[in-house]
Amino acid sequence: MDLLEGLNEAQYEAVTNTEGPVMVMAGAGSGKTKVLTTRIAYIIKELGINPYGVLAVTFTNKAASEMKERLGRMLDMDTKWLWVSTFHSFCVRILRDESDHIEPYKRNFNIIDDDDQAKIMRDILKNSEIDAKPKEVLKLISKGKNGMAVSIHDPDMQNYYPILRDKYNQYLVENNLFDFDDLILKTIKLLRENEEIREKYQSKFQYILVDEYQDTNKPQYELMSLLASKHHNLFVVGDDFQSIYSFRGAKGIENINRMRNDFKNTKLILLEKNYRSTSEILNLANSVIAHNPNQIKKVMKSNNVFGDKPIYYNATSSFDEVSFVIEKIKDLKKKENLEYKDFAILYRANALSREFEDSLVKERIPYRIYGGLSFFARKEIKDIIAYLRLLINHNDDFSFGRIINEPKRKIGDAIITKLKQASEVNGNLSLYDSIPYYVGSGQGATNLREFKEKMDSIYATIENVKLPDLVDIIGEEMGYLDAIEANAADEEEKLDRLDNLKEFKSVLKESEEFYDGDSNERKLEQLLQDLSLRTDKEELKDDNAVRLSTYHQAKGLEFNTVFMVAMEENIFPSMNATTSADIEEERRICYVGVTRAKKHLYLTSAWSRMRYGRSEDNDPSRFIKEMDTTAYERYRKPSIKNSVSSSSSDVKRIPISKPVTNSTTKSDVLFNVGDKISHKAFGNGIVVNVAGDLITVAFSAEYGIKKLKANHPAIRKL
């Protein structure tokens, strides 16, 4: 087997330059994994190096397994015991082998996960009589261990933090435990302090290779550079254009500069030939990333020179945007005989999936949320729905059981058992209505009574507030928002969960306009009933399905056709991007999105969007404005004869797919120009144009001219 067959010039150079430090900046789709595995095979087979003298580290077990499988085929050998693994697995192997030198730890040490850490910290806080959130303290400890800035604004926490940190670390030592941070840090400590062991591994690993180098943090760099300091054969492969994990402590750009400073003769090799995307797509990607000042300049060129230009559509509304995406999926699937799994809808925040999910359900198009859950299946959404159900139906014991300890209220099984007994004694009341008859004492009992008092208080105001406001009221009064702040694993998770709750306000806002009834309670009943009809089966999840994903979850994937949606200021770049470094990372995220597309790329924004329960008017993303205008085409709707307005906003729709009578009847049969209609939100109007299944309606001056789906359930002919 000729290992070098099929390599392009830059790949060949990266594989065969085996001596000395080498940095490969591998652009998207440039064959990074092929280069990495071929280089390992070349070193072993062609240079005759002992396979166990080569170390390769990456970030996921999946990536490590894939590398081993490829090497097994290339070398025709069992790769089970090769030093190809994740950073953490590598460190565990070292610490086990050198257990005699890691006192006070013993060889049979255990490794704890996030849940174990939280339990340990809860016990420490309880015994110390300190009022703090376990995960908040643990996040600070982890930041400190990984060389990140630990900023504490709370004066009390400034005093408590050093004490809690020291007690936590002491507990781990006394109980022979390692957390994931310590696996790397203790390995570095061992190598630094024990010259004999350091010399052993520096001599052993003649060649060291690091995958996804742009995602490394400070300790990971220190570990690899320490091991490579004898032979200097450190090979790193990554892409500074795809460094998008700073919120997790990644120091990609800094580590690129550190290596070039620490290893003065580092050879830089650029992989600029892309085997994934068309030239047109790469031209767009290059024009975006060129605006980042801090980069190793490279220009990606395609191996596939033929393709269509990317399309940009600035929709009138988010409903219009969703309709555009759905129609393009249906059209391309038919024209090019594609499968649903060939399509991906990418967005900056998880909450943006909601409207696309609704339309996909309605159109019976299967979909999957990549690396996540459907909007209505997310924990915080199911929790807030349970609160709303219990709010208007005290007999809902299922919802009561879901949220009585969300957030934690120390209401354990013993209290619930006694509550059930009180229910039976008093005529089988619901658990909620049995609370006044509960006679127990203690903090849990107090919290139980406070729970009912707060819920009753919220119910008393339900007709005096806007439905979307119930999300904030419940979140604040019941302590749910504080719990998210305190218990989220990291800043990304916290913002994601809060965004989902804010987006649910849009569902409630649309309910106000959509459902009949003269009371909020009646409208809420109808919404909750429709939500209960959204089963997993209805969401049509299977393997051949449209992929919905954030950019971060989609990194490393590729699709025939990609839709980058909601490309608007305050959404993408995120409103949380406040510094120039933040904007540069957001631009790299944009680059990642563009380079997921193989053949077709669509970029969309909307003039008007229902977001967080209110209508927003956002400018198109600055990244759209930065793109070379010759690198994409603007999509403009075909002109319609007698069209009254091409810029009118489309009606927002309720996200629940309600059955529609005669939904398959053509609109030109149902409606004619001059017909009078009634709309639940906009009142009475006159049809002024009919085009396929769209009608243009002139409403009162307050609402103006609207373009609507003729079979929309909010419409009836007068």
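Residue numbers start at 1 and run along the sequence shown.
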Practice problem: Could you tell me whether Arg622 and Glu626 make a salt bridge, using a distance below 4.0 angstrom between a side-chain N and a carboxylate O? | Solution: no
Quiz item: Is the gap between the ring centers of Tyr52 and Trp83 under 6.0 Å?
Solution: no
Practice problem: Using a cut-off of 6.0 Å, state whether more than 12 heavy atoms not belonging to Asp116 lie near its atom CG. | Solution: yes
Quiz item: What is the ring orientation for Phe178 with Tyr105, classed by angle as parallel under 30°, tilted 30 to 60°, or perpendicular over 60°?
Solution: parallel
Exercise. Check each of Ile40, Val54, Thr18 against Ile49 using the side chain to side chain contact (heavy atoms under 4.5 Å, CB included) test, and report the only one that passes.
Key: Val54
Quiz item: Taking 4.0 angstrom as the limit, do Glu199 and Lys230 come out as a salt bridge?
Solution: yes
Self-check item: More than 12 heavy atoms from other groups under 6.0 Å of NZ on Lys334
Solution: no
Self-check item: Ring-ring centroid check Tyr245 His552, cutoff 6.0 Å
Solution: yes
Quiz item: Hey, is NZ on Lys143 packed in by over 12 heavy atoms from elsewhere, all under 6.0 Å?
Solution: no
Quiz item: Can any side-chain N or O of Asn217 pair as donor or acceptor with the backbone N or O of Ala250 at less than 3.5 Å?
Solution: no
Self-check item: Centroid-centroid under 6.0 Å between Tyr313 and Tyr602 rings
Solution: no
Practice problem: Please determine, by modelled atom types, if Tyr275 and Glu558 share a side-chain donor-acceptor pair under 3.5 angstrom. | Solution: no
Quiz item: Is the ring centre of Tyr207 less than 6.0 Å from the ring centre of Phe235?
Solution: no
Practice problem: Begin with the C-alpha distance, continue with both residues' side-chain angles, and end with the deciding distance and a verdict on salt bridge (charged side-chain N to carboxylate O under 4.0 Å, His left out) for Asp342 and Lys333. | Solution: CA-CA 9 Å; Asp342 293 321; Lys333 182 178 185 295; over 6 Å; no
Practice problem: If the plane angle is over 60° it's perpendicular, under 30° parallel, otherwise tilted; pick one for Phe241 and Tyr591. | Solution: perpendicular
